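Quick note: residue numbers are just sequence positions, from 1. It should be emphasised that the depicted structure is a prediction, and the values quoted were computed from it without experimental measurement. Atoms within each ligand, like the ligands themselves, are counted from 1 in listed order.
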Amino acid sequence: MFHLRTCAAKLRPLTASQTVKTFSQNRPAAARTLGQIRCFTAPVAAEPFLSGTSSNYVEEMYYAWLENPKSVHKSWDIFFRNTNAGALPGTAYQSPLPLSPGSLSAVAQAQPLVDAQPNVDKLVEDHLAVQSLIRAYQIRGHHVAQLDPLGILDADLDSSVPADIISSTDKLGFYGLDESDLDKVFHLPTTTFIGGQESALPLREIIRRLEMAYCRHIGVEFMFINDLEQCQWIRQKFETPGVMQFTSEEKRTLLARLVRSTRFEDFLQRKWSSEKRFGLEGCEVLIPALKTIIDKSSENGVDYVIMGMPHRGRLNVLANVIRKELEQIFCQFDSKLEAADEGSGDVKYHLGMYHRRINRVTDRNITLSLVANPSHLEAADPVVMGKTKAEQFYCGDTEGKKVMSILLHGDAAFAGQGIVYETFHLSDLPSYTTHGTVHVVVNNQIGFTTDPRMARSSPYPTDVARVVNAPIFHVNSDDPEAVMYVCKVAAEWRSTFHKDVVVDLVCYRRNGHNEMDEPMFTQPLMYKQIRKQKPVLQKYAELLVSQGVVNQPEYEEEISKYDKICEEAFTRSKDEKILHIKHWLDSPWPGFFTLDGQPRSMTCPSTGLTEDILAHIGNVASSVPVENFTIHGGEDATDLWRCWATSVDFSPAWGRPRGGGQGLSRILKTRGELVKNRTVDWALAEYMAFGSLLKEGIHIRLSGQDVERGTFSHRHHVLHDQNVDKKTCIPMNHLWPNQAPYTVCNSSLSEYGVLGFELGFAMASPNALVLWEAQFGDFHNTAQCIIDQFICPGQAKWVRQNGIVLLLPHGMEGMGPEHSSARPERFLQMCNDDPDVLPNLEEANFDINQLYDCNWVVVNCSTPGNFFHVLRRQILLPFRKPLIIFTPKSLLRHPEARTSFDEMLSGTHFQRVIPEDGLAAQNPENVKRLLFCTGKVYYDLTRERKARGMAEQVAITRIEQLSPFPFDLLLREVQKYPNAELGWCQEEHKNQGYYDYVKPRLRTTINRAKPVWYAGRDPAAAPATGNKKTHLTELQRLLDTAFDLDAFKNFS
Ligand SMILES: Cc1ncc(C[n+]2csc(CCOP(=O)(O)OP(=O)(O)O)c2C)c(N)n1
Ligand SMILES: [Mg+2]
């Protein structure tokens, strides 16, 4: 058993007579200046024993000696006196005398002897060895700490003892020391605090204190941190003798919290023994641990804690940390209760919660929120971070002093899920930092049925945290006081350094994965030990009774008091007739809905703007609104050109892109010309939408990879001074005197993490437009979990609305299988509208009702103006829905993809469908074919139609809002062209794109009276060909089909 591996037990503690005189370790900083070191070292520099490392050590000794000659070993005292008296190199040293009562007088008599025999090598080596030994414990002590409450597995999966940890006296030999050195006194370096008030200790005591600090129930892993101040801070917290003291009051509080945690699970087990609850048994200490972190943080000024956690112990956290009413929890176990809310709901151990209360320890208000989460482990991590960032942002908490997050993890998930790494990488980025998260790992040393030795390659499950220099405190969770101590330190760390920290609760899982599971199938030995393991509550209660902190009756009284609370709540829970998921809301939006949670209206005002506003925004967008700022002038345009040309294909017919190949000043000038002509392109349309919402007090946050400039170099929302490093200007923040702030931020190269983060940001307030842009649309699939588990079904599962916008560049531009498709078929397949049922088209506010009922909105705009309207509509709607926008690439600069101000003025709206308005619309009876399409292919179709002179025979209607499906407007279109056959044209392959979604809905619209023909690419496995020529051939073929009026003759 590893806890016998170290030799602390064999090392006698120091007696008072063995301790040496103290002196302050806080030597004046001035004494360490380089000048003085040079000045001193001159006389000793020539000593034969001085090497690079040993000279540092001698310097330490020298400064200590200067301050107080008695603070160093007598031999050093003599040495420095000799040196200062001008002894020649090699002659200043006198050999040390043994430390014994007799020898002390001998030392006192020792005289500086210029011709003494030098044995200084040994002395210096011994002192250096002791320094190395101290450092070894600081670095590797945690490897031998007694962390596993079961005592069967090493927390680091390695049973060996590092060679430099003194597990037996013979290991002293590693340092060139032996047993006889144990009673020699060694000066302590400034990088340790084990001395307390003492500056030197005998080796025996040094080892004992190091073992106390690093090898008992706490394993401190921190020496990888690059910051000396932070390392010193941690060393002081764990090395200072007697630092882990608890008052009787604190011990009693801890016991009471353990009682609640333990008895809550017992109660659920008694009442619902056959229900899954993912109980906390084996890690009951989690509840007092979290409460300690919250108490300490509240004491340091935090008043809002946002938490994310997986299944294990979630109900207990809700009950005993967040303090959700017990009856609300208990009634979740009643399978006969009817759901009151719309939506499909979720199982009880996934639901969220929001609660404001008084913290009893600090007497301060505190708000606690537990974010609802899917089964997908760790997926909630970035969401919690994003929500925390938003709450900090909205209350002006720029340093994270008021709002913080706590993330809980399982050991297997923490090690295995890549999102943990992605989330850590957001932790220190200016636009994403939440100024430190406290991570708590419920390390029960198992993941479902899998042994950690098969589940990770790293020593600990927590190693991922090392990438951000987060200290990691491993702790044996059967020692509740040790747990409380590390939790206190973790909270203090966060409030001191505002950086992440990890508490690794090494525990066990008393039952199977859930209460129905048999763990003996797969972990027989572990579970034999677990059966014998006394519950931590019992152990701690016995300890406190033995210490006289509580007596047995008091302890029993505490238990029966809590059992009674549970019983009474259980009785009340039987009165509940209906289940309200809205009682489990993690992010209420006060004032946005009516009191009973309904939208304040079911209409949407015009999304248009006045001419003045459009012109003003346009002018700012095409200028540099600050003085003394040099923007890219266009002398050397190759870079911009190259960058654009590699990322976007363009048709020769459209020429060189405007802006591409030119300086930024030229791009802005071109924008100015557009504004003068009262038109917008894509970038300007986005500017208009953002700028006007900012005026209305709506915060806008646009995040994603390279969004500041825009992947396609069209946006340029952040201007960079060409002469001054890091001097930037965001014109969008210079629009109006009292505007809302605009945040635009290039993200880390993560989709899962960043999309999750933005979703969390969008949860905090309905009065913000939060957008995430994928570099190319197809990259969204690395964030699929956020889309599938949160964005698509979030409202149905958790009655929580979210207005996040996804901008997904999409389009077949001949760029190969990647970078072409944002996979519209996937988003459309997940829409909740019924393809076979025609809704009541006569209903008032049909379009708004449809939006209200849908799970998300999917659009593909073909004009900048419509893009502008749909962005503004997102905020002007009286409710929030996720918005998926397939955004263009080549259309960003297509000369026809422009919108006149006229279509953006007050009174105008987003067009769900853009009907044919050319010649075909003037004589609809003559139209032979009505083609429906969406997005960029419209421009290919109109070009082809023009080339073929078929403007009167073929009508082309664009479906801009794919979902919810505009049944009403499309029915009108079909009715307008009674003699036309219907076709759907898309550039995507047949098994992709929109076809499978649109076809049944179009058929339902016309009551299946006509076929809907397909003009597009054949089915394929890849989204696009890698061959440019094939791409063009395929395009031409689909255009041929679209305009061949005989194409479908043989099919009818
Ligand atoms: C992403 C993901 N993959 C798989 C699962 C299935 N699953 C549920 S719990 C679990 C084990 C988790 O182990 P650990 O993280 O150690 O937490 P514990 O259950 O031990 O508390 C697994 C694999 C899941 N929920 N999420
Ligand atoms: Mg586990």
Side-chain angles (χ1 to χ4, degrees), residues 147-150 152-153 155-157 261 265 276-287 289-290 307-317 346-351 372-383 407-423 439-465 474-477 502-519 521-523 526-527 530 752-753 756 781-790 797:
L147 298 175
D148 177 14
L150 303 174
I152 50 179
L153 196 65
D156 60 353
L157 306 183
S261 168
E265 298 295 351
K276 279 191 208 169
R277 66 190 150 84
F278 297 100
L280 201 48
E281 292 94 332
C283 194
E284 291 89 342
V285 81
L286 176 69
I287 300 303
L290 291 176
M307 293 167 57
M309 72 174 295
H311 49 288
R312 177 100 32 232
R314 196 176 173 102
L315 297 178
N316 209 328
V317 169
D346 201 351
V347 291
K348 49 192 164 293
Y349 39 82
H350 286 166
L351 297 173
N373 65 293
S375 185
H376 293 54
L377 294 166
E378 307 291 348
D381 296 358
V383 180
L407 281 178
L408 275 70
H409 314 268
D411 53 320
F414 200 54
Q417 291 289 311
I419 186 60
V420 176
Y421 178 86
E422 293 187 33
T423 308
H439 299 264
V440 180
V441 182
V442 174
N443 179 359
N444 52 20
Q445 309 185 79
I446 191 165
F448 207 151
T449 67
T450 302
D451 184 298
R453 286 166 290 194
M454 306 301 142
R456 64 175 193 257
S457 296
S458 59
Y460 296 102
T462 51
D463 290 70
V464 60
H474 309 281
V475 58
N476 183 323
S477 59
V502 179
V503 174
D504 177 23
L505 297 176
V506 187
C507 56
Y508 59 94
R509 191 188 70 194
R510 184 165 286 281
N511 303 315
H513 175 58
N514 60 59
E515 291 64 31
M516 305 296 103
D517 238 23
E518 173 51 72
F521 287 150
T522 50
Q523 269 74 24
M526 186 187 204
Y527 275 80
I530 289 174
Y752 192 174
N781 60 8
T782 67
Q784 201 66 51
C785 180
I786 298 294
I787 294 166
D788 288 353
Q789 313 311 126
F790 289 88
K797 293 200 288 194

How close do [X] and [Y] get, counting heavy atoms only, and between which atoms?
X: E284; Y: S261; value: O-OG, 2.8 Å
X: R277; Y: E515; value: N-OE1, 2.8 Å
X: V383; Y: A379; value: CG2-O, 3.8 Å
X: Y752; Y: P382; value: O-CG, 4.2 Å
X: L157; Y: P459; value: CG-O, 3.6 Å

Donor-acceptor pair, side chain of R509 and main chain of E281, under 3.5 angstrom: no

Only one of Q445, Q523, M526 forms a side chain to side chain contact (heavy atoms under 4.5 Å, CB included) with D451, so which one is it? Q523

Per-atom filter on ligand 1: closer than 4.0 angstrom to a heavy atom of S375 are 24 (C), 25 (N), 26 (N)

Show the atoms of ligand 1 that are less than 4.0 angstrom away from any heavy atom in A412.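 Counting from 1, the qualifying ligand atoms are 13 (O), 14 (P), 15 (O), 16 (O).
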
Where's the contact between H409 and ligand 1, heavy-atom distance under 4.0 Å: side chain, backbone, both or neither?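 Looking at H409 and ligand 1, no heavy atom falls under 4.0 Å.
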
Is the contact between D411 and ligand 1 made by the side chain, the backbone, both, or neither, using heavy atoms and a 4.0 Å cut-off?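 Both of them.
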
Return yes when [X] approaches ligand 1 closer than 4.0 angstrom through a heavy atom, no otherwise.
X: R509; value: no
X: H311; value: yes
X: V442; value: no
X: Q417; value: yes

N/O/S from A412 sitting under 2.8 Å away from the Mg ion (ligand 2): no

Within 2.8 Å of the Mg ion (ligand 2), is there any N, O or S atom belonging to N444? yes

Of all the non-hydrogen atoms in the protein, which one sits nearest to atom 6 (C) of ligand 1, and at what distance? L377 CD1, 4.8 Å

Sort out for me which residue in D504, D148, T462 forms a side-chain hydrogen bond (donor to acceptor under 3.5 Å, both in side chains) with N443. D504

